[in-house]
Number of protein chains: 2
Amino acid sequence: MKTVPPKTVGRLTLYWRTLRDIPADQTHVYSHVLAAKSRLTPAQVRRDLMVLGYAGTPAHGYNVQLLRKHIEAFLFPASEQRVAIAGVGNIGRALLKFFSGRRPTLRIVASFEANPEKYDRLIQGCQCYSIEKAETVIREMDISVGIIAVPDKEAQFVADVFVGAGIRGILNFARAPLHVPPDVYVEDIDLAMAMDKVAYFARRQQAGSSAVG
Amino acid sequence: MKTVPPKTVGRLTLYWRTLRDIPADQTHVYSHVLAAKSRLTPAQVRRDLMVLGYAGTPAHGYNVQLLRKHIEAFLFPASEQRVAIAGVGNIGRALLKFFSGRRPTLRIVASFEANPEKYDRLIQGCQCYSIEKAETVIREMDISVGIIAVPDKEAQFVADVFVGAGIRGILNFARAPLHVPPDVYVEDIDLAMAMDKVAYFARRQQAGSSAVG
DNA sequence: GTAGCATTGTGAATTGTTTCACGGAGAAAA
DNA sequence: TTTTCTCCGTGAAACAATTCACAATGCTAC
Ligand SMILES: NC(=O)c1ccc[n+]([C@@H]2O[C@H](COP(=O)([O-])OP(=O)(O)OC[C@H]3O[C@@H](n4cnc5c(N)ncnc54)[C@H](O)[C@@H]3O)[C@@H](O)[C@H]2O)c1
Ligand SMILES: NC(=O)c1ccc[n+]([C@@H]2O[C@H](COP(=O)([O-])OP(=O)(O)OC[C@H]3O[C@@H](n4cnc5c(N)ncnc54)[C@H](O)[C@@H]3O)[C@@H](O)[C@H]2O)c1
């Protein structure tokens, strides 16, 4: 299987959500239906689905259950994939609350803090450790994904700890471009930048809904 | 001035941050410096800066103060631009805390809630109103940007309220593709999708830091 | 059967974005 | 003055993503 564009991966989660919400008595679905639910074109949906190795039929479109299983096989881990979060502040807490117990195969199993008042206890049902223990904990729990929700100036330090501990993907909320080896995937979520973009385009006439974060 | 690509607008905020953090005694800066600080190439920096109508000099690069002023003139509103947020839950609260008092020209001046225990009081120094009063408040306060941080199923309803009240740009955290007129700019921040993407690429070998949210 | 229709998968075209590469310009040194 | 740097601005090339467009398919109607 060759390398799949990140944007395609992202859109597959959109299709999966649509499929999940289709009533059970509806066995098939067309690309234009999936497209409409995600604000995309039918051609793009079909193009994206090509990576799955599952083909629909011209007559009925895609079998809902089958397509869903194929997306799940592609997108979801076969066994539990573990996640850690560094920084339990405004954002960190929100993420912990939101993701706790939501997905069986993708679970936040540890959080790390620099503040002694926060670590060595449970936060949102998840053990919070000192950031100094991160490398050990990450290795012992076999954590492959890290979330960075610490202040901007601490972000590179945490990234280095994560990478040193063998983490393979990072979701970064800090406004700091991280320097990591090329085999570690980084997805930046820059909320301040997003605000500036919206504010900018709100001042212009111009159109064009941007896709996704 | 013609239409500027959203990605360029986003990167200009990155350059602005770098300029802001340059010590005052350093009067000039080269494209390759700006590039390194944002994980980009010098050519892309120069290309982006073309939209500003301000040119550097081959000898010294860009004048820090001047370039900064030009980016500010391009990116920041001339007069205060007002923002409202719907939904003061996990995310809404985090955003209110983070953005309060941070930017003089881009200010969250109202929040809207459906829960009577939350509205008709101050939250994070910002008056929280019933969502039913949204149209009136948005018009009276001349709010042009809306943030959607309500549950997924409520998102379209809130978007319709926002659009009806004349809002021009929306930052959407709900996992629901919004349907809005083409002259309203929508920036989606889909945290669950971002998690799935990171988890997917953490499982593959493959490289490639994705840019920004 | 066959005609008519809507849909799929995908090569080709298009559109959008990034990188290359080079002319030109200022500075410094001889 | 002339030479030699390094860097900027930008046209052109390369690359990436999206959309078009059409042959092929299977269904329904007659
Ligand atoms: N909250 C928002 O809405 C928002 C918006 C835009 C950007 N951000 C960015 O997200 C990041 C987090 O923001 P926040 O509002 O949650 O910040 P916060 O200050 O509320 O939380 C940061 C937490 O990280 C902890 N911490 C500090 N250094 C640490 C270290 N070395 N290791 C582990 N933990 C450490 C702190 O104790 C604190 O609890 C920041 O980089 C910020 O710029 C946040
Ligand atoms: N928190 C996260 O980390 C996270 C992650 C991924 C996605 N999201 C998305 O962000 C959105 C908000 O998430 P959250 O965790 O903050 O949710 P939340 O349930 O904590 O907060 C939602 C708030 O919206 C209010 N609300 C409900 N209906 C409303 C209406 N019609 N008008 C105004 N207010 C209304 C509720 O009273 C509540 O306070 C959801 O769509 C969620 O899917 C959140």
Side-chain angles (χ1 to χ4, degrees), chain A residues 2-12 14-15 18-19 26-64 66-67 70-71 177 182 197 201 206-212, chain B residues 2-12 14-15 18-19 26-64 66-67 70-71 74 177 182 188 197 201 206-212:
Chain A
K2 75 201 63 149
T3 162
V4 176
K7 287 187 169 191
T8 296
V9 174
R11 285 190 299 261
L12 285 171
L14 261 31
Y15 308 145
T18 302
L19 294 169
Q26 203 179 319
T27 62
H28 289 77
V29 66
Y30 296 123
S31 63
H32 68 257
V33 176
L34 294 173
K37 297 252 184 205
S38 303
R39 287 227 276 16
L40 302 165
T41 63
Q44 181 156 60
V45 172
R46 298 201 299 274
R47 178 72 64 188
D48 286 338
L49 296 183
M50 281 175 70
V51 305
L52 298 176
Y54 162 73
T57 62
H60 298 121
Y62 305 92
N63 178 295
V64 173
L66 228 47
L67 178 57
H70 275 263
I71 294 181
K197 272 165 81 169
F201 286 105
Q206 218 260 331
S209 304
S210 124
V212 125
Chain B
K2 73 200 65 147
T3 162
V4 176
K7 289 185 168 193
T8 295
V9 174
R11 285 190 299 260
L12 285 171
L14 261 31
Y15 308 145
T18 302
L19 294 170
Q26 204 179 319
T27 60
H28 289 77
V29 66
Y30 295 124
S31 63
H32 68 257
V33 175
L34 293 173
K37 298 251 186 205
S38 303
R39 287 227 274 14
L40 301 165
T41 63
Q44 182 157 59
V45 172
R46 297 202 300 273
R47 175 73 60 191
D48 286 338
L49 297 184
M50 281 175 69
V51 306
L52 297 177
Y54 162 72
T57 63
H60 299 119
Y62 303 92
N63 178 293
V64 173
L66 228 46
L67 178 56
H70 274 265
I71 294 182
F74 178 89
D188 292 304
K197 271 165 83 170
F201 286 105
Q206 219 261 331
S209 304
S210 120
V212 124

Considering non-hydrogen atoms only, spot the tightest contact between [X] and [Y] and give its length.
X	Y	answer
Leu12(A)	Asp48(A)	CD2-O, 4.4 Å
Ser38(A)	Leu14(A)	OG-CB, 3.7 Å
Arg39(B)	Pro177(A)	NH1-CB, 3.6 Å
Leu19(A)	Ile71(A)	CD1-CD1, 3.7 Å
Ser31(A)	Pro42(A)	OG-CB, 3.7 Å

Does a side-chain heavy-atom distance below 4.5 Å link Tyr15(B) with Val29(B)?
->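 They are not in contact (no side-chain heavy atoms under 4.5 Å apart), so the answer is no.
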Could you give the distance from CZ (Phe201(B)) to OG1 (Thr3(A)), rounded to the nearest 0.5 Å?
->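 These two atoms lie 6.0 Å from each other.
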Between NZ of Lys7(A) and CD of Gln44(A), what distance do you get to the nearest 0.5 Å?
-> 9.0 Å
Please tabulate, for the side chains in residues 50-63 of chain B, all donor-acceptor contacts under 3.5 angstrom to protein atoms that are two or more places apart in sequence or on a different chain.
{"unit_1": "Tyr54(B)", "atom_1": "OH", "unit_2": "Asn63(B)", "atom_2": "N", "d": "3.1"}
{"unit_1": "Thr57(B)", "atom_1": "OG1", "unit_2": "His60(B)", "atom_2": "N", "d": "3.3"}
{"unit_1": "Asn63(B)", "atom_1": "OD1", "unit_2": "Gln65(B)", "atom_2": "N", "d": "3.0"}
{"unit_1": "Asn63(B)", "atom_1": "OD1", "unit_2": "Leu66(B)", "atom_2": "N", "d": "2.9"}

Contact boundaries on DNA chain C for chain A, cut-off under 4.0 Å to non-hydrogen atoms = dT7(C) to dA12(C)
Any protein N or O atoms within reach of nucleotides 3-9 of chain D? Criterion: under 3.5 Å, listing atom names and distances.
{"unit_1": "dC7(D)", "atom_1": "O4'", "unit_2": "Pro58(B)", "atom_2": "O", "d": "3.4"}
{"unit_1": "dC8(D)", "atom_1": "OP1", "unit_2": "Ser31(B)", "atom_2": "N", "d": "2.9"}
{"unit_1": "dC8(D)", "atom_1": "OP2", "unit_2": "Ser31(B)", "atom_2": "OG", "d": "2.6"}
{"unit_1": "dG9(D)", "atom_1": "OP1", "unit_2": "Gly56(B)", "atom_2": "N", "d": "2.7"}
{"unit_1": "dG9(D)", "atom_1": "OP2", "unit_2": "Tyr62(B)", "atom_2": "OH", "d": "2.5"}
{"unit_1": "dG9(D)", "atom_1": "N7", "unit_2": "Arg46(B)", "atom_2": "NE", "d": "2.9"}
{"unit_1": "dG9(D)", "atom_1": "O6", "unit_2": "Arg46(B)", "atom_2": "NH2", "d": "3.1"}

With sequence neighbours left out, what residues match Arg46(B) under salt bridge (Lys or Arg N to Asp or Glu O under 4.0 Å)?
-> none
Bending between helix ends of the helix from dG1(C)-dC30(D) to dA30(C)-dT1(D) [5 pairs per end, 10° resolution] =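 Comparing the first five pairs with the last five, the axes sit 0° apart.
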Which pairs, protein N/O on one side and nucleotides 14-18 of chain D N/O on the other, fall under 3.5 Å?
{"unit_1": "dT18(D)", "atom_1": "OP1", "unit_2": "Arg11(A)", "atom_2": "NH1", "d": "3.2"}
{"unit_1": "dT18(D)", "atom_1": "OP2", "unit_2": "Arg11(A)", "atom_2": "NH1", "d": "3.3"}
{"unit_1": "dT18(D)", "atom_1": "OP2", "unit_2": "Arg11(A)", "atom_2": "NH2", "d": "3.0"}
{"unit_1": "dT18(D)", "atom_1": "OP2", "unit_2": "Gln44(A)", "atom_2": "NE2", "d": "3.1"}
{"unit_1": "dT18(D)", "atom_1": "O5'", "unit_2": "Gln44(A)", "atom_2": "NE2", "d": "3.2"}

